[in-house]
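By convention in this document, chain letters (A, B, ...) are assigned in the order of the sequence lines, proteins followed by strands, and residues within each chain are numbered from 1. We use all heavy atoms of the structure for the numbers below, so side chains are in, but hydrogens, waters and symmetry mates are not.
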Number of protein chains: 2
Amino acid sequence: MTLQPQAAFRALSDPTRRTILTLLDDQPMTIAQVSDRFDMTRAAVKKHLTILKEGDLIRVEPRGRERINSLNPEGMRPVRDWLSHFDRFWDDKLDALKRTIETGEADND
Amino acid sequence: MTLQPQAAFRALSDPTRRTILTLLDDQPMTIAQVSDRFDMTRAAVKKHLTILKEGDLIRVEPRGRERINSLNPEGMRPVRDWLSHFDRFWDDKLDALKRTIETGEADND
DNA sequence: TTGACGTGATACCTTTTGGTGCCATATATA
DNA sequence: TATATATGGCACCAAAAGGTATCACGTCAA
């Protein structure tokens with residue numbers, strides 16, 4: 001079902017990148033704007049944004065000579081889905097739903 | 001409020017460690033038992049287990065000369081909580097609930 | 001056209017990470 | 001006691017990660 005969550009998990013493992021996500025949650029920003037919020041070079045921030053893009057956690061749209069980085073909340077779904085595997089509560093809910101539907105549809109895990 | 005999720009995020013960033021969590025979800029295992037499931041040395045697996053423990057994702061209980069490692073699903077709560085910050089759907093639900101509680105009125109939508 | 005600006009890309013450095021091998025220590029067992 | 005077993009801990013290594021400096025390139029503006 002869920003795609004390889006490795007890229008997203010990797011992207012989330014760094015505190016700077018998680019902070020960037022909270023910034024982009026407020027508003028889309030150019031690379032320079034994001035860089036202004038950190039005590040590191042623009043090149044370093046650019047690397048973090050690249051890794052966030054690889055994890056599909058942000059969208060990047062060129063606008064003239066700028067690149068607008070925005071949050072992609074959907075990209076966190078693979079991570080949430082993977083975690084849900086260990087959440088007994090939701091597992092039970094899904095099992096109940098499965099029994100309710102009882103259509104015998106394919107369900108691979 | 002949620003604790004620092006860094007240790008948990010870091011623990012989850014490695015695919016071997018995520019696989020270990022799925023193994024321990026089935027049943028508690030000794031270090032040697034976990035090691036048997038991987039093509040790497042026991043020392044390497046031990047390191048992974050240490051990092052998982054630091055992230056509070058597993059419990060470790062000495063039993064004689066063995067150490068029983070078991071899953072700690074509660075340890076994933078800081079991660080889930082952090083992720084929920086970006087989940088507009090649940091944010092809206094919680095906001096609605098908050099309004100309902102504060103006003104003491106029914107919330108029909 | 002000429003710069004200034006925003007970004008892409010590369011080389012390079014240091015620290016962390018994931019892995020190995022080896023040996024010490026504690027516990028179970030013949 | 002003697003010995004095998006299960007683990008802890010350390011030194012060590014290669015690769016990855018996070019960071020810097022630097023230069024090239026496309027775009028906007030005077």
Looking at dT7(C), does its base get a donor-acceptor pair with the side chain of R65(A) below 3.5 Å?
no
Expressed as a whole number of angstroms, how long is the span from Q6(B):CD to dG18(D):C1'?
13 Å
Whole-Å distance between dT20(D) C1' and R42(A) CZ?
12 Å
Indicate yes or no: at least one non-hydrogen side-chain atom of Q33(B) is less than 4.5 angstrom from one of Q27(B).
no
N69(A) side-chain N/O to M29(A) backbone N/O, donor-acceptor pair under 3.5 Å:
yes
Using atom NZ of K47(A) as one end and atom P of dT14(C) as the other, report the distance to the nearest whole Å.
14 Å
Is there a donor N/O on one and an acceptor N/O on the other, under 3.5 Å, for the side chain of R63(A) and the base of dG6(C)?
no
Please confirm whether any donor atom in the side chain of R67(A) sits under 3.5 Å from an acceptor in the base of dG8(C), or the reverse.
no
In whole angstroms, the gap separating P of dA6(D) from CE of M29(B) amounts to 14 Å
Would you indicate, yes or no, if dT20(C) has its OP1 or OP2 atom less than 4.0 angstrom from a side-chain nitrogen or oxygen of T41(B)?
yes
Interatomic distance, K53(B) NZ vs dG9(D) P [rounded to whole Å]:
13 Å
Validation row: D25(A), L21(A) side chains within 4.5 angstrom (heavy atoms):
no
Strictly distance-based, threshold 3.5 Å: is any side-chain N or O of D56(A) a donor or acceptor partner for the main-chain N or O of G75(A)?
no
Which residue, R17(A) or I31(B), contacts DNA chain D at a nucleotide closer to its 5' end, judged by nearest heavy atom?
I31(B)
Where each residue is assigned the nucleotide of DNA chain D containing its nearest heavy atom, which of D14(A) and G64(A) is assigned the position nearer the 5′ end?
D14(A)
Answer yes or no: is there a side-chain heavy-atom contact under 4.5 Å between M76(A) and L57(A)?
yes
OP1 or OP2 of dA17(D) less than 4.0 angstrom from a side-chain nitrogen or oxygen of H48(A), does that happen here?
no
Side chain of R10(B): nearest nucleotide among dT7(D), dT20(D), dG18(C)?
dG18(C)
By nearest-heavy-atom nucleotide on DNA chain C, the more 5' of I51(B) and A43(B) is I51(B)
Spacing of L49(A) atom CG relative to dA17(D) atom P, expressed in whole Å
17 Å
For the pair made of CG in D39(B) and C1' in dG19(C), what is the distance, rounded to whole Å?
12 Å
K46(A) atom NZ is separated from dT20(D) atom C1', nearest whole Å, by 15 Å
What contact category does A32(B) fall into here, base, sugar-phosphate, or nothing, at under 4.0 angstrom with non-hydrogen atoms?
sugar-phosphate
